[in-house]
Amino acid sequence: MLFSSLIFLFLFLPITLLGYYLCTKAHKNYWLLITSFIFFSWGGVNFTFILIGSIIINYVFGLFIEKYAGHQKAYWWLVVGVSCNLLILGVFKYANFFTHNLNSFLHRLSLPAITETNIILPIGISFYTFHSLSYLVDIYRGKTNAQKNIFHLGLYINMFSQLIAGPIIRYNNIWQQLTQRTHSFEKFSSGVERFLVGLGKKILLANTFAKVADSVFNTDTANIGAINAWLGLICYTLQIYCDFSGYSDMAIGLGRMFGFTFMENFNYPYLAQSVKEFWRRWHISLSTFFKDYVYIPLGGNRVGKGRQYINLIAVFFLTGLWHGAHWNFLAWGLFHGFFLLLERIFLEKFLARTWKPLANLYTLLVVMFAWVLFRSAYLSAAFNYWRAMFDFNLTLEKMNLFLSFMNRELYLALAFAVLGSFGFFSLLHRHLQTLLTKNQLYSGFLTVTYHIFSAMFYGGIFALCWLYLISGTYNPFIYYQF
Amino acid sequence: MKFRRLRTAIINTVFLCLLFFPLVNKNLLFIADIKNFENRKKATQPLLASTPLDSFPHRYEKYYNDTFPLRSRALRQYNYFKYFFLDIPPNSYYVIIGKDDWLFLPGEEFDGYSGKINFTRDELASVKEELEYRQNYLKERGCKFYLMIAPSKACIYPERVSEKQRANQASIGEKLLTYLEKNSSVNTVNLYQALRENKKYYRVYYATDNHWTRPGAFIGANQFLQQVHNDYEQVEPMKLSDFDISSIDTFDGNTSSIIGIPEYFPDINYRLSPKKALSHPAEKAGYVADKSFPYPFMYEEVRKIEGTNKPRLLIISDSFGNFLFPLLSENFSKTVKVWDNWKYELHEDIVEKEKPNIVLLLIHEKNIRSLLKENSKN
């Protein structure tokens with residue numbers, strides 16, 4: 001079930017909210033747990049057993065790690081627990097990739113192939129596995145206590161708001177909220193605003209860019225030329241940001257509606273002036289997870305430079321691998337790792353002295369070139385796309401293709417997305433608030449007008465998203481279909 | 001900040017009202033929906049007890065989407081928004097808006113016109129073989145076979161297609177006819193030139209429908225009759241003066257219905273009826289359509305002219321035969337039309353029963369590759 005679907009918005013969410021606020025405080029978590037399981041099983045009933053198994057395993061291991069805290073046994077319980085989680089993730093996410101590539105290798109050696117697996121990837125497995133890992137490690141490190149209530153642990157691992165696309169919530173950041181969170185109209189309203197912003201980003205912006213990006217990336221690169229290649233890439237750059245940050249906004253907004261406060265996951269990443277800064281602003285929960293649970297345990301910045309560089313590459317290898325079981329994602333991760341390495345070796349100092357817009361441009365170009373790897377179906381397709389980006393031979397067909405994308409919907413989407421991703425609306429909101437506070441004479445009238453306008457704006461986004469969602473279900477026929 | 005509570009109250013209220021409204025309206029029906037214009041049956045509600053668990057969510061979601069409250073109203077509002085505010089064609093995946101609001105169907109129809117879809121040399125040979133087989137089969141039974149291709153609208157009205165989408169080569173149908181005329185003995189009726197020449201007198205295709213108009217069908221019928229006249233002197237091309245022709249403004253073409261706001265896409269509809277009708281509806285043989293055929297009452301149509309020595313005609317066609325049939329039936333002693341669910345088969349059983357003198361296979365250019373699927377020899 002997607003957040004951006006009619007059934008989630010107008011059936012699941014209202015019923016979940018209604019049930020939640022009708023429940024007593026003691027039962028709210030159980031209601032959320034039940035609805036989260038329903039949400040999860042909507043994407044595959046059989047996968048629910050894997051999730052339940054994961055919750056039970058982590059519950060048991062968590063208790064044992066805490067029981068043997070300070071002893072060697074705690075370490076071994078941690079190792080077994082982490083291994084079980086990684087095994088589940090490895091089998092479901094990477095078995096197909098592994099067997100396929102092994103068979104390619106065996107084929108080259110003229111050896112018999114092994115049976116290819118055809119395992120379906122359960123939804124959310126990357127996220128709930130990382131939730132479980134952070135839970136076990138934080139208990140081992142003494143940052144938190146094991147959760148004695150398996151249902152509360154289940155809710156942490158499985159809560160529907162962040163199950164599909166994050167943010168990755170650390171257990172020690174949330175355990176108190178499981179039993180002691182507050183609810184208020186203001187918090188709910190702030191959650192609504194955040195949710196609607198995310199919904200608008202996903203449906204009105206990301207989907208608009210997707211039409212262009214998909215069309216360009218699916219066209220033979222010999223027929224697109226630089227003009228379309230760059231348009232397609234700009235659209236994809238904005239699509240992935242609006243899509244991903246939109247989902248995070250919706251997750252954070254939903255959390256607030258139920259009294260939770262989740263960490264921010266995006267902080268205007270396209271404002272970054274280095275790749276290092278980019279990773280402090282993009283998918284923050286993932287980059288901090290890898291920093292805390294991979295990079296630092298490997299030695300972090302405490303080891304020699306050579307070892308640091310290896311650790312950095314290892315982290316970004318894993319980052320790429322986490323995103324998908326495909327060579328393209330690995331290449332994407334290593335591409336970022338390479339530039340991070342360059343920055344660490346000498347480039348960072350140079351960027352610090354460079355004119356900020358130029359540093360920002362460098363970062364954007366690195367990130368955009370990397371997106372080509374992320375988006376392309378194969379590595380060879382990515383190389384061809386890069387080549388097309390420098391094909392300045394403009395033909396009538398290429399121009400016509402470019403013009404076929406130009407319409408008011410795209411212009412508006414580009415305007416909102418570019419301004420939004422560079423923080424313009426946030427800046428505008430802060431300035432307006434300051435203005436309204438300072439101007440005592442018209443403060444009341446202007447403030448009321450501003451609030452009413454804001455409310456209408458959010459209502460308008462919801463209504464427009466409603467129309468767009470319904471249009472996505474439109475399926476007409478020339479001749480009547482039974 | 002001042003009036004924060006006001007903002008909170010308004011946002012929460014508006015959000016919750018919009019969130020709960022569909023659920024409430026579904027049960028209490030405050031506002032009724034308008035008629036659905038998708039031309040299909042809605043998904044039915046799956047029962048949890050009788051549906052495999054893994055497929056239940058997908059099927060339920062399909063049902064939920066199809067029966068979402070005020071769905072058709074919302075679709076219309078979306079189409080208005082797209083067309084009038086964003087100035088882009090609504091549902092552009094399903095319809096291409098050309099010049100002067102002429103509408104074309106994308107996909108196979110437009111790709112066949114533009115040359116994006118073609119026959120390979122082997123495929124042309126295969127089609128030729130199939131058609132020659134049919135022609136010989138029918139010839140052995142004293143019957144003459146004709147192939148007629150109804151052009152796609154864009155072939156006849158390329159000036160209504162936007163410049164950037166206009167084709168610069170012959171369409172798939174024209175290429176097939178050229179190939180057959182050069183390499184085969186199959187009798188073909190080429191309508192492309194005749195329709196282009198006569199479009200200055202009447203609109204031969206609808207602006208908002210992918211079909212030809214009655215005048216367009218009249219031209220098609222006459223092209224066919226001119227060829228039949230070579231074998232049957234008693235069959236002659238028709239004169240337009242023998243018909244009453246009138247036009248009305250309308251907006252209910254099949255393509256404009258897909259747009260969802262058909263009232264903004266006006267069109268002309270012609271009525272064409274013989275001043276002195278010779279044929280009349282006759283008893284059907286009772287040929288049975290597939291269960292999947294959406295118009296079983298139109299599967300078989302029969303008209304007769306009593307007391308004439310004119311030949312008998314069997315038409316195997318698609319929806320383009322609907323306007324052609326009443327015109328041709330004025331020229332044959334018995335005319336049977338079978339709309340065979342877009343299969344374009346030989347129908348040996350019907351040929352055996354009807355014993356026609358002429359069999360006309362009428363196929364819309366959009367479906368022309370269906371001829372590759374047929375292999376009457378097997």
Side-chain angles (χ1 to χ4, degrees), chain A residues 1 5-7 9-11 13-15 17-18 41-46 185-186 188-190 192-193 195-196 396 399-400 403-404 407-409 412 433 436-437 443-444 447-448 450-452 454-456 458-459 462-464 466-468 470-482, chain B residues 1-16 18-23 37-41 53-54 56-57 60-62 64-66 68-69 71 74-75 77-79 81-82 85-88 90-91 94 105 163-165 210 254-255 257-258 260 291-292 294-295 319 342:
Chain A
M1 202 189 290
S5 65
L6 291 172
I7 199 166
L9 282 173
F10 297 105
L11 189 65
L13 185 58
I15 291 173
L17 279 170
L18 190 65
S41 60
W42 202 260
V45 175
N46 292 335
F185 283 118
E186 286 75 22
F188 188 90
S189 163
S190 136
V192 166
E193 288 180 35
F195 178 79
L196 291 177
L396 185 63
M399 195 64 196
N400 280 340
L403 291 173
S404 71
N407 57 52
R408 206 175 283 174
E409 189 179 42
L412 284 170
Q433 281 189 305
L436 290 170
T437 314
S443 176
T447 307
V448 169
Y450 171 71
H451 284 320
I452 291 173
S454 294
M456 281 168 57
Y458 287 110
F462 197 11
L464 207 52
W466 185 353
L467 295 185
Y468 269 71
I470 290 182
S471 77
T473 68
Y474 187 55
N475 189 19
F477 290 88
I478 288 285
Y479 301 104
Y480 192 82
Q481 298 292 307
F482 291 102
Chain B
M1 199 177 169
K2 276 194 218 178
F3 302 106
R4 186 90 205 158
R5 279 193 185 176
L6 174 67
R7 177 195 177 95
T8 299
I10 295 173
I11 286 176
N12 287 350
T13 307
V14 169
F15 176 71
L16 290 171
L18 288 174
L19 199 71
F20 280 89
F21 176 74
L23 200 58
F37 43 86
E38 285 170 271
N39 222 10
R40 63 177 175 90
K41 199 175 163 198
L53 268 181
D54 266 336
F56 179 83
Y60 188 86
E61 196 160 348
K62 230 176 151 188
Y64 183 82
N65 289 340
D66 269 3
F68 190 80
R71 182 165 180 277
L75 283 169
Q77 294 307 314
Y78 170 79
N79 293 337
F81 175 74
K82 278 274 214 176
F85 180 72
L86 295 178
D87 197 27
I88 52 177
N91 306 313
Y94 298 105
L105 286 179
E163 278 93 357
K164 54 185 184 219
Q165 288 177 300
N210 72 326
N254 60 9
T255 326
S257 296
I258 290 178
K291 280 183 188 166
S292 62
Y295 312 106
S319 51
W342 299 276

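All values derive from a computational prediction rather than experimental measurement. Convention: sequence-line order gives letters A, B, ...; per-chain numbering from 1.
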- prompt: Any donor-acceptor pair under 3.5 Å linking the side chain of Tyr474(A) with the backbone of Glu38(B)?
  reply: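 No.
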
_Go through it in stages, so that I can follow the logic: the residues are Phe20(B) and Leu18(A), the test is side chain to side chain contact (heavy atoms under 4.5 Å, CB included), and I'd like the CA-CA distance, side-chain angles, deciding distance and then a yes or no._
CA-CA 10 Å; Phe20(B) 280 89; Leu18(A) 190 65; 4.2 Å; yes

Arg40(B) and Asp66(B): CA distance, side-chain angles, deciding distance, side chain to side chain contact (heavy atoms under 4.5 Å, CB included) verdict = CA-CA 10 Å; Arg40(B) 63 177 175 90; Asp66(B) 269 3; 2.8 Å; yes

| request: Please test Thr473(A) against Phe68(B) for side chain to side chain contact (heavy atoms under 4.5 Å, CB included), starting from the C-alpha separation and ending with a verdict. | output: CA-CA 10 Å; Thr473(A) 68; Phe68(B) 190 80; over 6 Å; no

Options [options], ranked by heavy-atom pairs under 4.5 Å with chain A, top entry:
options: Asp87(B), Thr13(B), Val14(B); result: Asp87(B)
options: Asn65(B), Asn254(B), Asn12(B), Asn210(B); result: Asn12(B)
options: Ile11(B), Thr255(B), Asn79(B), Ile10(B); result: Ile11(B)
options: Pro22(B), Pro90(B), Pro69(B); result: Pro22(B)

_Within the 6.0 Å centroid threshold, strictly below: Phe462(A) and Phe10(A)_ =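 Yes, they do, as the ring centres are separated by less than 6.0 Å.
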
How close do Tyr78(B) and Leu467(A) get, heavy atom to heavy atom, and via which atoms?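 Looking at all heavy atoms of both residues, the closest pair is CD1-O, 3.9 Å.
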
- Message: Ignoring hydrogens, what is the shortest heavy-atom contact between Tyr60(B) and Ile7(A)? Give both atom names and the distance.
- Response: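 That closest heavy-atom pairing would be CD2-CD1, 3.7 Å.
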
Worksheet item: Relative to chain B, which segment of Leu396(A) carries a heavy atom at a distance below 4.5 Å: side chain, backbone, both, or neither?
Response: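 No part of Leu396(A) comes within 4.5 Å of chain B.
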
**Prompt:** So which part of Phe185(A) gets closer than 4.5 Å to some heavy atom of chain B, the side chain, the backbone, both or neither?
**Reply:**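 It is both, since atoms from each part get that close.
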
Structural part of [X] lying under 4.5 Å from a heavy atom of chain A:
X: Leu19(B); result: both
X: Lys62(B); result: neither
X: Phe85(B); result: both
X: Tyr94(B); result: side chain

Discussion item. I need the residue from Met399(A), Glu186(A), Met456(A), Glu193(A) with the largest number of non-hydrogen atom pairs under 4.5 Å to chain B.
Written reply: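 Option with the greatest count: Glu193(A).
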
Most heavy-atom pairs under 4.5 angstrom with chain B, which of Gly472(A), Ser471(A), Gly459(A), Ser404(A)?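 Option with the top pair count is Ser471(A).
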
| field | Full working for side chain to side chain contact (heavy atoms under 4.5 Å, CB included) between Val45(A) and Phe56(B) | value | CA-CA 9 Å; Val45(A) 175; Phe56(B) 179 83; over 6 Å; no

